[in-house]
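Okay, structure first, notes after.
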Amino acid sequence: KRIDIANHWKKYHPPKVKKIVPFNLNKDAFLELFGNVFENSEWLTEQVFEYEISPIMNDPMGLQNAFLLQFRLSSRKAKMRVLLEHPDLAGKLRVNSSLTKDSKKEQKSAGLNNLTPSEVKVFADLNQNYTRKFKHPFIKAVSGANKSQILTEFKKRIKNTLEEEFDLACKEVEKIACIRINQILKE
(Lines give C-alpha, C1' and ligand atoms only; values in the text may rest on other atoms or scores of the structure.)
Protein backbone atom coordinates (compact mmCIF):
# COMPACT_ATOMS: atom_id res chain seq x y z
CA LYS A 1 0.00 0.00 0.00
CA ARG A 2 1.06 3.55 -0.58
CA ILE A 3 0.75 4.43 3.11
CA ASP A 4 3.17 1.63 4.00
CA ILE A 5 5.68 2.98 1.49
CA ALA A 6 5.24 6.49 2.87
CA ASN A 7 5.70 5.27 6.44
CA HIS A 8 8.81 3.34 5.43
CA TRP A 9 10.37 6.44 3.89
CA LYS A 10 9.36 8.58 6.84
CA LYS A 11 10.90 6.10 9.29
CA TYR A 12 14.09 5.12 7.45
CA HIS A 13 14.75 8.13 5.23
CA PRO A 14 13.37 11.16 7.08
CA PRO A 15 13.68 14.53 5.36
CA LYS A 16 16.72 16.54 6.33
CA VAL A 17 15.64 19.67 8.13
CA LYS A 18 17.98 22.63 7.92
CA LYS A 19 19.20 23.65 11.34
CA ILE A 20 19.92 27.21 10.27
CA VAL A 21 17.57 29.08 7.98
CA PRO A 22 19.20 32.51 7.43
CA PHE A 23 16.06 34.16 6.04
CA ASN A 24 14.15 33.29 9.22
CA LEU A 25 16.72 34.86 11.55
CA ASN A 26 16.23 38.22 13.18
CA LYS A 27 19.06 40.73 12.90
CA ASP A 28 20.67 39.90 16.24
CA ALA A 29 20.70 36.16 15.53
CA PHE A 30 22.02 36.75 12.00
CA LEU A 31 24.84 38.95 13.32
CA GLU A 32 25.64 36.44 16.06
CA LEU A 33 26.00 33.60 13.55
CA PHE A 34 27.57 35.37 10.60
CA GLY A 35 29.24 38.42 12.19
CA ASN A 36 32.78 37.11 11.69
CA VAL A 37 32.40 35.72 8.16
CA PHE A 38 34.67 38.61 7.19
CA GLU A 39 37.23 38.83 10.01
CA ASN A 40 36.10 41.27 12.72
CA SER A 41 33.92 43.07 10.16
CA GLU A 42 30.40 42.83 11.54
CA TRP A 43 29.50 46.02 9.64
CA LEU A 44 29.62 43.97 6.45
CA THR A 45 27.29 41.36 7.92
CA GLU A 46 24.91 44.18 8.86
CA GLN A 47 24.94 45.37 5.25
CA VAL A 48 24.14 41.86 4.05
CA PHE A 49 21.21 41.70 6.45
CA GLU A 50 19.92 45.15 5.51
CA TYR A 51 20.27 44.91 1.72
CA GLU A 52 20.39 41.26 0.73
CA ILE A 53 18.09 39.31 3.06
CA SER A 54 15.81 37.06 1.00
CA PRO A 55 14.82 33.38 0.79
CA ILE A 56 17.63 32.77 -1.73
CA MET A 57 20.02 33.16 1.22
CA ASN A 58 18.76 29.86 2.66
CA ASP A 59 20.94 28.19 0.06
CA PRO A 60 24.69 28.31 0.86
CA MET A 61 25.53 29.70 -2.59
CA GLY A 62 22.87 32.38 -2.26
CA LEU A 63 24.20 33.43 1.13
CA GLN A 64 27.79 33.44 -0.14
CA ASN A 65 26.79 35.57 -3.12
CA ALA A 66 25.03 38.07 -0.85
CA PHE A 67 28.17 38.46 1.29
CA LEU A 68 30.51 38.64 -1.71
CA LEU A 69 28.33 41.24 -3.41
CA GLN A 70 28.40 43.53 -0.38
CA PHE A 71 32.17 43.12 -0.07
CA ARG A 72 32.72 43.80 -3.77
CA LEU A 73 30.50 46.89 -3.64
CA SER A 74 32.57 48.28 -0.79
CA SER A 75 35.02 51.08 -1.43
CA ARG A 76 38.72 50.31 -1.67
CA LYS A 77 39.16 51.94 1.74
CA ALA A 78 36.49 49.67 3.26
CA LYS A 79 38.06 46.59 1.66
CA MET A 80 41.41 47.63 3.11
CA ARG A 81 39.77 47.84 6.55
CA VAL A 82 38.68 44.21 6.09
CA LEU A 83 42.19 43.18 5.01
CA LEU A 84 43.71 44.92 8.02
CA GLU A 85 41.46 42.93 10.38
CA HIS A 86 43.21 39.71 9.36
CA PRO A 87 46.04 38.46 11.56
CA ASP A 88 49.52 37.67 10.32
CA LEU A 89 49.83 33.98 9.52
CA ALA A 90 51.65 32.30 12.41
CA GLY A 91 52.24 35.77 13.85
CA LYS A 92 52.19 37.57 17.19
CA LEU A 93 48.45 37.17 17.69
CA ARG A 94 48.86 33.40 17.57
CA VAL A 95 51.49 33.53 20.30
CA ASN A 96 49.43 35.63 22.68
CA SER A 97 46.13 33.83 21.82
CA SER A 98 44.41 36.91 20.40
CA LEU A 99 43.18 35.19 17.22
CA THR A 100 39.46 34.91 16.62
CA LYS A 101 38.21 31.34 17.07
CA ASP A 102 37.78 31.08 13.30
CA SER A 103 41.35 32.18 12.55
CA LYS A 104 42.71 29.93 15.29
CA LYS A 105 40.91 26.91 13.81
CA GLU A 106 42.00 27.76 10.25
CA GLN A 107 45.65 28.27 11.16
CA LYS A 108 45.65 25.09 13.24
CA SER A 109 44.23 23.10 10.30
CA ALA A 110 47.28 24.15 8.26
CA GLY A 111 49.74 23.22 11.00
CA LEU A 112 50.65 26.82 11.78
CA ASN A 113 50.23 26.17 15.50
CA ASN A 114 53.12 23.64 15.45
CA LEU A 115 55.98 25.60 13.95
CA THR A 116 59.61 25.08 14.83
CA PRO A 117 61.50 28.15 16.10
CA SER A 118 63.18 28.52 12.69
CA GLU A 119 59.80 28.34 10.91
CA VAL A 120 58.42 30.99 13.29
CA LYS A 121 61.34 33.24 12.32
CA VAL A 122 60.76 32.66 8.58
CA PHE A 123 57.06 33.54 8.94
CA ALA A 124 57.87 36.57 11.11
CA ASP A 125 60.37 37.90 8.55
CA LEU A 126 57.99 37.31 5.65
CA ASN A 127 55.10 38.92 7.56
CA GLN A 128 57.22 41.97 8.34
CA ASN A 129 58.50 42.40 4.77
CA TYR A 130 55.09 41.76 3.24
CA THR A 131 53.28 44.20 5.55
CA ARG A 132 55.93 46.85 4.97
CA LYS A 133 55.48 46.53 1.20
CA PHE A 134 51.70 46.09 0.90
CA LYS A 135 50.43 47.87 4.05
CA HIS A 136 48.22 44.90 5.00
CA PRO A 137 48.92 41.36 6.22
CA PHE A 138 49.46 38.40 3.92
CA ILE A 139 46.08 36.74 3.54
CA LYS A 140 45.54 33.19 2.40
CA ALA A 141 42.65 30.79 2.84
CA VAL A 142 44.79 28.20 4.61
CA SER A 143 42.14 25.50 5.06
CA GLY A 144 43.37 22.45 3.18
CA ALA A 145 46.91 23.83 2.78
CA ASN A 146 50.06 22.88 4.66
CA LYS A 147 53.00 24.96 5.95
CA SER A 148 55.12 24.25 2.91
CA GLN A 149 52.41 25.29 0.43
CA ILE A 150 51.71 28.45 2.41
CA LEU A 151 55.38 29.43 2.56
CA THR A 152 55.80 28.81 -1.18
CA GLU A 153 52.86 31.05 -1.97
CA PHE A 154 54.02 33.66 0.54
CA LYS A 155 57.45 33.89 -1.14
CA LYS A 156 55.86 34.08 -4.58
CA ARG A 157 53.25 36.72 -3.74
CA ILE A 158 55.67 39.07 -1.99
CA LYS A 159 57.06 39.78 -5.48
CA ASN A 160 53.68 41.04 -6.77
CA THR A 161 52.77 44.66 -7.44
CA LEU A 162 50.59 46.55 -4.95
CA GLU A 163 47.55 46.27 -7.22
CA GLU A 164 48.03 42.56 -7.95
CA GLU A 165 48.40 41.78 -4.28
CA PHE A 166 45.44 43.89 -3.18
CA ASP A 167 43.26 41.98 -5.68
CA LEU A 168 44.66 38.61 -4.58
CA ALA A 169 44.19 39.44 -0.90
CA CYS A 170 40.56 40.38 -1.59
CA LYS A 171 40.02 37.08 -3.44
CA GLU A 172 41.52 35.17 -0.52
CA VAL A 173 39.27 37.03 1.93
CA GLU A 174 36.31 35.99 -0.21
CA LYS A 175 37.45 32.34 -0.13
CA ILE A 176 37.76 32.51 3.65
CA ALA A 177 34.25 33.99 3.90
CA CYS A 178 32.78 31.20 1.75
CA ILE A 179 34.52 28.53 3.83
CA ARG A 180 33.20 30.11 7.04
CA ILE A 181 29.65 30.33 5.70
CA ASN A 182 29.73 26.64 4.73
CA GLN A 183 31.04 25.70 8.17
CA ILE A 184 28.35 27.72 9.94
CA LEU A 185 25.58 26.16 7.86
CA LYS A 186 26.89 22.64 8.54
CA GLU A 187 26.82 23.13 12.34
Side-chain angles (χ1 to χ4, degrees), residues 20 32-45 48 60-61 63-72 74 76 78-187:
I20 299 171
E32 176 70 27
L33 273 173
F34 300 105
N36 200 49
V37 164
F38 283 89
E39 190 86 8
N40 292 321
S41 299
E42 193 174 88
W43 62 269
L44 200 49
T45 306
V48 171
M61 292 279 290
L63 187 58
Q64 289 172 7
N65 287 333
F67 271 93
L68 298 183
L69 177 65
Q70 287 304 315
F71 178 68
R72 290 173 184 169
S74 298
R76 183 180 178 92
K79 288 177 187 168
M80 181 59 93
R81 278 194 351 240
V82 172
L83 299 183
L84 291 171
E85 287 295 337
H86 281 262
D88 288 341
L89 288 180
K92 294 180 294 247
L93 292 177
R94 177 187 63 86
V95 174
N96 68 20
S97 300
S98 297
L99 294 175
T100 64
K101 78 175 175 62
D102 295 312
S103 286
K104 193 178 295 183
K105 186 166 60 172
E106 291 156 1
Q107 291 199 27
K108 183 179 180 182
S109 78
L112 298 179
N113 62 324
N114 293 321
L115 298 175
T116 66
S118 63
E119 288 172 327
V120 169
K121 176 152 180 30
V122 169
F123 270 99
D125 291 345
L126 283 168
N127 280 323
Q128 185 178 25
N129 293 333
Y130 181 97
T131 303
R132 187 181 305 122
K133 179 176 180 180
F134 297 111
K135 309 296 185 232
H136 61 79
F138 174 77
I139 299 170
K140 167 137 180 72
V142 297
S143 297
N146 62 41
K147 295 183 280 192
S148 175
Q149 293 166 322
I150 295 165
L151 277 172
T152 299
E153 187 166 342
F154 211 148
K155 291 172 183 176
K156 178 182 162 199
R157 285 177 48 190
I158 204 162
K159 297 173 186 171
N160 287 341
T161 66
L162 293 176
E163 203 55 42
E164 288 170 330
E165 197 51 34
F166 182 82
D167 291 343
L168 270 172
C170 287
K171 285 181 177 125
E172 290 296 317
V173 162
E174 290 180 1
K175 286 181 195 173
I176 293 166
C178 290
I179 291 166
R180 289 179 178 182
I181 289 167
N182 286 337
Q183 288 172 341
I184 293 166
L185 293 177
K186 285 180 184 173
E187 293 174 355

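These values consider heavy atoms only, across backbone and side chains, with no hydrogens, waters or symmetry-generated copies.
Two rings, from F134 and F166, have their centers 6.0 Å or more apart.
The two residues I181 and Q64 come nearest to each other via the heavy atoms CD1-CA, 3.8 Å. Pairing each heavy atom of C178 with each of L68, the nearest pair is SG-CD1, 3.9 Å. Closest heavy-atom contact between T116 and E119: N-OE1, 2.8 Å. Closest heavy-atom contact between L126 and I158: O-CD1, 4.0 Å. I184 and I20 get closest at one heavy-atom pair: O-CD1, 3.2 Å. Taking each heavy atom of P137 and T131 in turn, the nearest pair found is CA-OG1, 3.9 Å.
At distances below 3.5 Å, at least one donor-acceptor pair connects side-chain atoms of E164 with backbone N or O atoms of T161. Checked by atom type and distance alone, the side chain of S74 never pairs as donor or acceptor with a backbone atom of R72 at under 3.5 Å.
Tested against I176 for a side chain to side chain contact (heavy atoms under 4.5 Å, CB included), the candidates K171, H86, E39 yield a single pass: H86.
K79 is linked by a salt bridge (Lys or Arg N to Asp or Glu O under 4.0 Å) to nothing, counting only residues two or more places apart in sequence or in another chain. Partners of F67 according to the ring-ring contact (aromatic ring centres under 6.0 Å, His included) rule, which considers only residues two or more places apart in sequence or in another chain, do not exist here.
Separation of atoms CD (E85) and CG (L44) is listed at 11.5 Å; rounding is to 0.5 Å. Separating the CZ atom in R81 from the CG atom in L84 is a distance of 10.0 Å, to the nearest 0.5 Å.
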side-chain contact (heavy atoms from CB on, under 4.5 Å) assessment of L83 paired with M80: CA-CA 5 Å; L83 299 183; M80 181 59 93; 4.3 Å; yes
side-chain contact (heavy atoms from CB on, under 4.5 Å) between F71 and S41, worked out: CA-CA 10 Å; F71 178 68; S41 299; over 6 Å; no
Test log, rule salt bridge (charged side-chain N to carboxylate O under 4.0 Å, His left out), inputs E163 and R76: CA-CA 11 Å; E163 203 55 42; R76 183 180 178 92; 3.1 Å; yes
Audit row: W43, F38, side-chain contact (heavy atoms from CB on, under 4.5 Å) steps and yes/no: CA-CA 9 Å; W43 62 269; F38 283 89; over 6 Å; no
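With salt bridges taken as basic N to acidic carboxylate O contacts below 4.0 Å, none links E165 and K140. Under a 4.0 Å N-O distance rule, the pair K175/E172 qualifies as a salt bridge.
For R157 and Y130, the positive end is not near the middle of the six-membered ring at less than 6.0 Å and at most 45° from its axis.
Among pairs with a residue in residues 121-138, those fulfilling salt bridge (charged side-chain N to carboxylate O under 4.0 Å, His left out) read K121-D125, at least two apart in sequence or across chains.
A 4.5 Å side-chain heavy-atom check between F154 and V122 finds every atom pair outside the cut-off.
At a cut-off of 3.5 Å, with distance as the only test, no side-chain donor of T45 or E42 sits close to an acceptor on the other residue.
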